[in-house]
Protein chains: 2
Amino acid sequence: MKKILVLGAGRSATTLIQYLDEHAARGGWRVTVADADEVQLADKTLGLGDTEGRPFEFSRAADRAALIEAHDLVISLLPWTMHTPVARDCLRFGRHLLTASYVSPEMKVLAARARRKGLFFMGELGLDPGLDHMSALRLIREIRETGGEIHHFHSYAGGLVAEDCDTNPWHYKFSWNPRNVVLAGQGMAQYRHEGHPVFQPYHETFRRAFPVRIAGRDRFEVYANRDSLKYESLYGLKGIPSLMRGTVRVRGFSRAWQALITLGLTEALSPLAIPDGLSWAAFIAGLLPERLSRGSLDDRLARYLGLDATDPVMDQLRWLGLLSDQPLGSPGRTAADYLQELLEERWRLAPGDRDLVVMEHRLRYRLGGEDMECRSSLFHEGRDARRTAMADLVGLPLAVTAQLFLAGHLPLPKYPAPFEAVIYDPVMEVLETEGVRFEELRFSLGDSTSELEG
Amino acid sequence: MKKILVLGAGRSATTLIQYLDEHAARGGWRVTVADADEVQLADKTLGLGDTEGRPFEFSRAADRAALIEAHDLVISLLPWTMHTPVARDCLRFGRHLLTASYVSPEMKVLAARARRKGLFFMGELGLDPGLDHMSALRLIREIRETGGEIHHFHSYAGGLVAEDCDTNPWHYKFSWNPRNVVLAGQGMAQYRHEGHPVFQPYHETFRRAFPVRIAGRDRFEVYANRDSLKYESLYGLKGIPSLMRGTVRVRGFSRAWQALITLGLTEALSPLAIPDGLSWAAFIAGLLPERLSRGSLDDRLARYLGLDATDPVMDQLRWLGLLSDQPLGSPGRTAADYLQELLEERWRLAPGDRDLVVMEHRLRYRLGGEDMECRSSLFHEGRDARRTAMADLVGLPLAVTAQLFLAGHLPLPKYPAPFEAVIYDPVMEVLETEGVRFEELRFSLGDSTSELEG
C-alpha cells in the first residue's frame, strides 16, 4: 500500500483529493491531507473512505519532516515559497514530489539531485503552468510531424465565471488567488510580433487588451502576459516571428481595470497613512489632482479618467463601492491591500456559482505551400463554488501524474516540468477521459477568415 | 590622540575628509580613510598631512573588525545596507558611529544598546536626511518661541547643476547616486493639503510638479516626495493641516521625466530579452502601441506622448539618444538599467562643472492675529566636479558632529538622528561659519504676495 501526502487543503485541492480518494483502491494507495485550517480540512476530507485529514503547521519543521517521511509521494499545494523546505525533506527521506508551481532556480537544483537518487520531482503540473504546457507542446509536435512550419504561436488562458452566473458589471468573480489578480501585469510585458520585439509597461498592458473569440464565443478579450519570450526556448520555438501569451477576461474588464491602475489602486509598495474612518469616496478624492477640484466626485473622477459620465467603466467603479461611504479600515496598508479587501467582498463566488476556465492556443504555420491556422480550445465550467473548474484543472494534472507514476507508466523526467512527450502524452490521454478536452479547428488562411477573425 | 575612521571614499567623501584633515591638529585626532578602490582612495587622501588611506574589503569581516577596533569613532559613507555589520562591530569594541543614512529599524535597536554603553550612534547626518532636519527643526522651534502657530509646512530640496554649467536641455547632471534619480518617486507619494490627505501614484507624481521660486530665483519646480506624513511626528507637527516635502528640479525636467515613465523606461523589475544589437530607436519603437504604427518614429513617439512635434520634451528625448542607433547592450537587464547607463553618459559632471544644492522650508503660521509666511533657503554651489556642493552638504554635518562630539560639546542623543536642539544648535552654528547659510524671508500674507508667489 503506497501513501500519498497532500499538503494544503485550500480551494484548489477539492478535485485533487476527490480523484485520489476515488482511485485509491485500484491504485493501491491511501491519502493523507494536511492543512493548518481544521475546518477546511474537514470540509475536504469528511466522508472519504481512503483519505484522512491531518492538522499540520508548516513552521514545525520536525513535524513536517516526520509527516513527509511517513509517505511515499508528496503533492504540495502550499504557496511556492514553502516548496524548498518540503523538497529538502523529500530528498532527505527519498520521497517523490509534485507541485503546481513554477520551477524556481532552487527547485531546479534540488530536482537534479532528486533525479540522481531515482526520485520523481516535478513542478508546473497544474493549469497554468501545467495544462498549458502539455496541450501546447502536444499541438506543436503534431503540427511539425505533419510537416507544418510554425511561425506564429499565441496562447490565451483565463479563470472566469460561467455566463449564466455572471451577475456583475465586471463579468468577473474570484476562482483563485485574489492577490495574483490584483497584482497581475505589474512589471514590463514582452512578446514578439512579426519579428519585432514588443514591450508593454504596466500602465499600458490593460489599455492594449484586444477582443478575441474563444471556442466560438465572441465575448472575450486578452491582455499580454508578463514574459512571453521565455516560452521560446521552453516550447522549442527558437526564432519564431510571433509569440505571445495572454490572459483572458470578459470584454469590458480591462478598460475598467485600467481605471484602477490609473487611480493608483494596485500600488503595492507604500503603506498609506489612512486617517481614521476615511471613506472610499474620500480616498478617491485624495487620489485626484487638485486641478480637478470643481464638480461632484463622480464628475471629477470621470474627467480624470477621460470618460463620459455614462461610460460603463463609471458603473463598474461605482458598483465596486469606490464612491461610497464605506471606510477603508486600519491604516498602514497599501492601496493594493485596500482594493483587494474590497474585491474579495464584491467578487466572491456564491455557493451555487459555477466558474469557467478558458484556454486557447492559436498556431499559424505553413504546410504544403499553404498558410494554415490551428485553434485548440478548452472551455471548462465548474459544478459549483466548491468543485470549481479551477480546482479540476489544477488538481487533475497533479492527480493523474501521481497515478501514472505510481503505476510505473512515467519515467523520471530530464527537466522537472511536463515538457517531455513521454510525460505529457499519457497524462493528457487520461485527462481526456476525465473530461478535460480541447476542441480543435484547422483552417487555411487563404480562405475567407472573416467569420473567425478576432 | 583620537583616531577617526572614514569608511568609503566615494564622491560624497571629499569635503568630509578635507575638513577632518584640516582640523586634525586642533581637534587632536588622526584620520584613516578605508575604501576598496585604491585609485579613489589615493585621489581623496594624497597630500593630506594627518590622513592615511587604507585599502579595505567590506566582506572580510575579521579585517573590518580589526580596523574598527583600532579607531575611536567611525564615520560610515558605505551603502546603508552595510551599516548593520559596522554597527555591530562598533558596539562590540565600544566605538562611536556616525552615518548619513536613514535610521533603519535595526539601527534604532543597535543605537539604543549603544547609548546604554555610553556610545554616540547617529544616522541622518548628511544633507537629506540631515541638514533638512536640523534647519527645519530649528526654524519650527524659533517660530513657536515667538508665539507663532504653524499650520503649513513645505520643505523642498534638490541636487542640481549651477546655472552657468547648465549645458543640456534637461538642466540636470548627476551629483549623487544615479540609481536613486532613476527610481525616484516609485510607490505612492502622500502628503496633506489643507486638512485633506493627498495620494499620488507614481505615474502622476512628475505630472503634478509645480513651479516654485527658490531663494528669489524663478526657475525651479517641485514634485512631491514619497511619504511626507512621517515628518508629522518626527518634526512635532501633529495634526498640521498642510504638510509636504518635495524634490526640486529646474523647470521642464519633470514633464520630460514623465515621458520616460510613460514609455516604461524606469521599470526596474523585469529583465528584458533585448535582441542582439537592438538600437535605442528600435527599443522605443517596441514600446509604442501598434495602433500608432504609421509615420516616422519621431511622429509616433510625439503622438503617443500627446505632444506637438515641436514640444521641448521631444528635444530632451532626442538629446538623450532615445531615437538614435546606439545599441542598448547586453540583454537580461531592466529598462531602468538601460536608461541609467544612458543617463550616466549624458548627465556626467564635466571636471570644471559646479553643482548646486537648493533647499527651502516654507512655513505659514498665525502670529498676533496675522497670517505670516517664513521662507528659509539654502543656495549652495560646488567648486568643481570633485568638491561638489553635494559633498560639502553631506560631509560637513558629519564632520562637524564628529568634531563637536570629540570635543565634549554634544550629549548622547535620545534618538539616533539630529532631532534634539542640544545636537542641532551647536552643529548648525559651526556649519554657518563654514558657509552653510540659510537666508530667511518673513512676510505677512495679508500683504500682496504676487511678487513672491510660486
Side-chain angles (χ1 to χ4, degrees), chain A residues 185-205 207-208 210 226-233 239 243 260-275 278 282-291 293 304 306 328 331 334-336 338, chain B residues 185-205 207-208 210 226-233 239 243 260-275 278 282-291 293 304 306 328 331 334-336 338:
Chain A
Q186 299 201 4
M188 182 91 86
Q190 46 188 334
Y191 61 94
R192 196 180 295 148
H193 178 67
E194 297 179 358
H196 299 288
V198 178
F199 305 97
Q200 272 180 7
Y202 178 44
H203 56 264
E204 282 290 324
T205 291
R207 188 168 288 151
R208 296 189 205 166
F210 51 90
R226 303 185 185 200
D227 184 4
S228 297
L229 298 178
K230 70 178 182 192
Y231 294 85
E232 183 175 12
S233 58
L243 176 59
L260 300 181
I261 295 171
T262 300
L263 283 165
L265 293 178
T266 61
E267 204 286 320
L269 291 172
S270 308
L272 301 183
I274 298 296
L278 191 80
F283 183 44
I284 297 298
L287 285 160
L288 299 179
E290 286 154 42
R291 64 187 148 80
S293 60
Y304 175 61
L328 260 77
T334 68
Y338 295 112
Chain B
Q186 298 201 3
M188 182 91 86
Q190 46 187 336
Y191 61 93
R192 197 180 294 148
H193 178 66
E194 296 178 359
H196 300 287
V198 178
F199 305 98
Q200 271 180 7
Y202 178 45
H203 56 264
E204 282 289 325
T205 291
R207 188 168 287 153
R208 297 190 204 166
F210 52 90
R226 302 184 188 201
D227 184 5
S228 296
L229 297 178
K230 70 178 181 191
Y231 293 85
E232 185 176 12
S233 56
L243 174 60
L260 300 181
I261 294 171
T262 300
L263 283 165
L265 294 178
T266 61
E267 205 286 321
L269 291 172
S270 308
L272 301 182
I274 297 296
L278 190 81
F283 182 44
I284 297 297
L287 285 160
L288 299 179
E290 287 153 43
R291 64 187 147 80
S293 61
Y304 175 61
L328 260 77
T334 68
Y338 296 111

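Heavy-atom basis, side chains included; hydrogens, waters and symmetry copies ignored. Chain letters run A, B, ... following the sequence lines, proteins first and then strands; every chain starts at 1. Keep in mind that what you see is a predicted model, and the values were worked out from it rather than measured.
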Among [options], which has the most heavy-atom pairs under 4.5 Å with chain A?
{"options": "B:Val198, B:Leu269, B:Leu272, B:Leu229", "value": "B:Leu272"}
{"options": "B:Ala285, B:Ala273, B:Pro271", "value": "B:Ala273"}
{"options": "B:Glu232, B:Gln200, B:Arg226, B:Glu267", "value": "B:Glu267"}
{"options": "B:Leu278, B:Thr334, B:Thr262", "value": "B:Thr262"}

With a 4.5 angstrom heavy-atom cut-off, could you sort out which part of [X] is near chain A: side chain, backbone, both or neither?
{"X": "B:Leu287", "result": "both"}
{"X": "B:Tyr202", "result": "neither"}
{"X": "B:Pro275", "result": "side chain"}

Next on the checklist: Using 30° and 60° as the class boundaries, would you call the ring planes of B:His203 and A:His203 parallel, tilted or perpendicular?
Outcome noted: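 It falls in the tilted class, 30° to 60°.
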
Next on the checklist: Can a donor-acceptor pair be found, under 3.5 Å and without considering hydrogens, that links the side chain of A:Ser228 to the backbone of A:Tyr191?
Outcome noted: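 It does not hold such a pair.
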
Checklist entry - Within the side chain of A:Glu204, is there an N or O that forms a donor-acceptor pair under 3.5 Å with the backbone of A:Phe199? => result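 No: the side chain of A:Glu204 does not pair with the backbone of A:Phe199.
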
Checklist entry - Which bit of A:Phe210 comes within less than 4.5 Å of chain B, counting heavy atoms only: side chain, backbone, both or neither? => result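 The answer is neither part of A:Phe210.
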
Checklist entry - Is it the backbone or the side chain of A:Leu265 that comes under 4.5 Å from a heavy atom of chain B, or both, or neither? => result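 Neither part.
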
Next on the checklist: Can you confirm whether A:Arg208 sits close enough to B:Pro289 that some side-chain heavy atom of one is under 4.5 Å from a side-chain heavy atom of the other?
Outcome noted: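 SC-SC contact between A:Arg208 and B:Pro289 confirmed.
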
Next on the checklist: In the structure I gave you, are the side-chain heavy atoms of A:Pro197 and B:Ile274 within less than 4.5 Å of one another anywhere?
Outcome noted: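 With C-beta onward as the side chain, the pair stays apart.
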
